[in-house]
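Below is one structure, written out as structure tokens; comments come after it.
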Amino acid sequence: MDELFQPVSRLKGIGEKRAEALARLGIQTPYDLLYHVPRHYLDYTAPVPIAATQPGETSVIRVKIVNKSAPQYIRKGMTIYKAVATDEVSDITIVIYNNVYGFRALRIGEWYRMSGKIQGNLLRREITAPHVLLDNSKNLICPLYPLTTGLSLQALTQAVKQAIAFMRAKPFEWMPEKMRRAHGLMLLCTALEQIHFPESLDQMFAARRRLAFDELLQLQLGMLIRRTENQEKTAYPMRQDTDLEPYFAALPFRMTDGQRQAVAEITHDLCAPVPMNRLLQGDVGSGKTAVAAAACYFAIQNGVQCAMMAPTEILAAQHYQTLKEFLEPLGITVGLLTGSLRVKEKRAVYVALADGTLQMVVGTHAIFQKDVVFQKLGFVITDEQHRFGVAQRAMLADKGGVPHKLVMSATPIPRTLALMIYGDLDISVLRQLPNGRLPIRTFAVTGKLRTRAYGFIRQQLEQGHQAYIVCAAIEEHEENDLQAATTYAQRIREGAFSDYRVGLLHGKMKAAEKDTVMRAFRAHAYDILVSTTVIEVGVDVPNATILLVENADRFGLSQLHQLRGRVGRGRAQSYCILVTDHVTDDCRMRMQIMSRTSDGFEIAEEDLRLRGPGDFFGERQHGLPPLQIADLTQDTALLHEVQETARDVLKSDPDLSKPENHALRLEVLRLFARSGENGRN
């Protein structure tokens, strides 16, 4: 098996430049080539008669070459080659551009199968730049791979064939035979060969099922092992008889049943002898901070310090204000620690944390810097965890030895995705909105109705409310027609809203500038805030009742839902207007979903179905290995099958140390190594 782990540059036909191109695809060895699976296939198994093809559509035909024409030199750098072929009922012209080798390979009298776009009319058809296969080829289903600059499909295919030859010489299998047979899975080497060069579509689907099962099982095992490792003894078990009534009594509102249930689940975990690892997941405006504050009150009554880490200074400052309002009347000290604080202010916080006089600190990544020392950090909360790297989260947890950990997320995550991303956490979900909150009314319109939308915004402003307008870009660019925040703000200041105060907020501004603008908007120094998606998470201005999103077609459903959550945070009726000038069928469907429901979990399921799991968060920061084969939109049933298997395996062999699981353990380690995951949560 050594040949599979040699540098890929040792393969025939792979020189230095092709090796560099393969490295860009994450391929360093022939073994990596085996798992670089096709993105789809050209299926030549069912060719259609030439007469049945439709101009403008891609078809597969089976034809014999009748004659070849002389090359046509159109201009410098452009040569067209033509040949006539027949299926012995109808004729078709084959058109090839700038590919003399492909043209020469076509032999008069030979039969071929071709896939390409049909041009022409019902009487005279052409097939343009077709993919060509000999009619007697063994494999009539051909792979199409993800490629990169400097790497052709032919070169990659030949490299994969060499990797498969190495595998055939020394077959391998990590799955115990009993497990493989119990789930009706093909042998691993057979699956790897059939995923690249399937003998039939049935074989391809069977190969994909085996490889998806492998990937999901290894991922689940890695997550469950990590969860077990987190079950080391905590230094901070808490008292079950800790009284929360003073906290509940001091709240200016009554908690929902869902909030109280979440508090009960969290405080139950805080009393356990092992550290809590729990996700508090709630839709925008569901009251997660009030739940987190209850947990902090509970922990502080047990003599430990608490820390909450937020991804931005705006969000950290907001949490700080909210937690102060909840906790300071109860005699609890709350501090703020961000990068923009003056040195003197930071030092004061450092001293208070070290001597224990500061019981709760809220901050950005600044709170896990080396200068920060806690007297007794027993409870760590991370907000919007997927926006932090794994190492950052671990650095904060390390400051408390083995503290309890709560992760908060306002990003509704489909259950299948949550099971994968947070497989090592228990989950509490807030589905109810706090009492008195009204559902946001959402309207999708084209740009032709923008003036009417402005009139509606003006009505809200006249009632003393405020508005957001979100743009997809910061500055204008010639290559696209996106509304840009900077020019948009200037335009409405001078035009439609010249009698109102218009603020501007975008991602290129310094943290202190952003903070100044948000403070001014919150204090109603601005009536309208024109912004990019920097307001997407957490910004809380209860007086803002209307949000207009320009170029709404450029955002995913979940992102639109997050943006919509900036309004509807007070008791007044709120509105969201989605504006788009590019109304495709897909866009129409997404706008209808947004207008129909305000349930973030339903929207997340639809978003996952429409976009797939590849990049659900917009940025890959959730610390998991990327799924290369399994598809969470299709493989839900397989995932449940895998989860049962993973639990059974670990029940009998918790750390995969038995000889029959040795190869499986190596595969789990290899999978997590691919993501740079360090096994810490």
Under the salt bridge (charged side-chain N to carboxylate O under 4.0 Å, His left out) criterion, do Glu193 and Arg168 qualify, and how do the steps go? CA-CA 9 Å; Glu193 187 160 357; Arg168 277 197 199 123; 2.3 Å; yes
Evaluate side-chain contact (heavy atoms from CB on, under 4.5 Å) for Asp135 paired with Tyr112, printing each intermediate quantity in order. CA-CA 4 Å; Asp135 185 48; Tyr112 297 91; 5.7 Å; no
Does the salt bridge (charged side-chain N to carboxylate O under 4.0 Å, His left out) test come out yes or no for Glu57 and Lys117, once each step is laid out? CA-CA 6 Å; Glu57 293 185 359; Lys117 194 167 186 179; over 6 Å; no
After noting the C-alpha distance and the side-chain angles of Glu16 and Arg18, does the key distance pass the salt bridge (charged side-chain N to carboxylate O under 4.0 Å, His left out) rule? CA-CA 6 Å; Glu16 186 179 334; Arg18 279 183 179 161; over 6 Å; no
Walk me through whether Arg209 and Glu641 qualify under salt bridge (charged side-chain N to carboxylate O under 4.0 Å, His left out). CA-CA 12 Å; Arg209 184 173 182 274; Glu641 189 178 333; 3.2 Å; yes
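Looking at Leu578 and Cys576, their side chains come closer than 4.5 Å, going by heavy atoms from C-beta outward. Contact check for Arg590 versus Phe555: no side-chain heavy atoms found under the 4.5 Å cut-off. Under the 4.5 Å side-chain criterion, counting only non-hydrogen atoms from C-beta, Leu548 is in contact with Val579. Looking at Leu547 and Ile577, their side chains never come closer than 4.5 Å, going by heavy atoms from C-beta outward. Put simply, the side chain of Pro143 reaches to within 4.5 Å of the side chain of Phe197, judged on heavy atoms. Looking only at side-chain heavy atoms (C-beta outward), Met167 and Leu34 come within less than 4.5 Å of each other. Annotation: side chain of Ser531 is not in contact with side chain of Tyr468 (no heavy-atom distance under 4.5 Å). Lys161 is not listed as a side-chain neighbour of His196, based on a closest heavy-atom distance of 4.5 Å or more.
Across every non-hydrogen atom of Pro146 and Leu156, the tightest pair is O-CD2, 3.9 Å. Here the closest non-hydrogen pair linking Leu185 and Arg180 is O-NH1, 2.7 Å. Across all their heavy atoms, Val48 and Ser59 have their closest contact at CG2-CB, 4.3 Å. Nearest heavy atoms, Phe103 versus Ser69: CZ-O, 3.5 Å.
Annotation: Asp585, atom CG; neighbour count of heavy atoms from other residues, nucleotides and ligands within 6.0 Å does not exceed 12. Other residues, nucleotides and ligands contribute at most 12 non-hydrogen atoms within 6.0 Å of the CZ atom of Arg124. The 12-atom threshold is not exceeded at CZ of Arg107, counting heavy atoms of other residues, nucleotides or ligands nearer than 6.0 Å. The number of heavy atoms from other shown groups lying within 6.0 Å of CZ (Arg39) is above 12.
Side chain of Asn98 to main chain of Thr79: a donor-acceptor pair is present (N/O by atom type, distance under 3.5 Å, no hydrogens or angles). Of the possible polar contacts, one joining the Arg208 side chain to the Ile629 backbone as a donor-acceptor pair under 3.5 Å is found. For Asp87 (side chain) and Ser90 (main-chain N/O), a donor-acceptor pair under 3.5 Å exists by modelled atom type. A donor-acceptor contact shorter than 3.5 Å links the side chain of Thr486 to the backbone of Ile474.
Ring geometry, His36 versus Tyr145: the interplanar angle falls under 30°, so the pair is classed parallel (tilted spans 30 to 60°). Between Phe5 and Tyr31, the ring planes are parallel. Angles under 30° get that label, and only those over 60° would be called perpendicular.
No hydrogens or angles considered: a donor-acceptor pair under 3.5 Å links the side chains of Asp91 and Thr86. If you check the side chains of Ser137 and Asn139, you find no donor sitting under 3.5 Å from an acceptor. At a cut-off of 3.5 Å, with distance as the only test, a side-chain donor of Thr53 or Arg125 sits close to an acceptor on the other residue. Remark: the His183 side chain and the Thr645 side chain contain an N/O donor-acceptor pair separated by less than 3.5 Å. At a cut-off of 3.5 Å, with distance as the only test, a side-chain donor of Thr597 or Glu602 sits close to an acceptor on the other residue. A donor-acceptor contact closer than 3.5 angstrom links the side chains of Gln483 and Arg491.
Note: Ile92 CD1 to Ile61 CD1 = 4.0 Å, rounded to the nearest 0.5 Å. To the nearest 0.5 angstrom, Cys189 atom SG is 12.0 Å from Gln194 atom CD. Atoms CD1 and CZ, from Ile195 and Phe205 in turn, are 9.5 Å apart once rounded to the nearest 0.5 Å.
Scored by the salt bridge (Lys or Arg N to Asp or Glu O under 4.0 Å) test, Glu20 finds no partners at all (sequence neighbours excluded). By the salt bridge (Lys or Arg N to Asp or Glu O under 4.0 Å) test, Asp214 pairs with Arg210, sequence neighbours left out. Taking the salt bridge (Lys or Arg N to Asp or Glu O under 4.0 Å) definition, one finds that Arg10 meets it with nothing, sequence neighbours left out.
The one candidate from Leu140, Leu134, Leu42 that meets the side chain to side chain contact (heavy atoms under 4.5 Å, CB included) condition with Arg113 is Leu140.
In this structure, Lys68 forms no cation-pi arrangement with Tyr81, as its terminal cationic atom is not both closer than 6.0 Å to the ring centre and no more than 45° off the ring axis.
Contact check on Lys64 versus Glu88 returns a salt bridge, with a Lys/Arg side-chain nitrogen under 4.0 Å from an Asp/Glu carboxylate oxygen.
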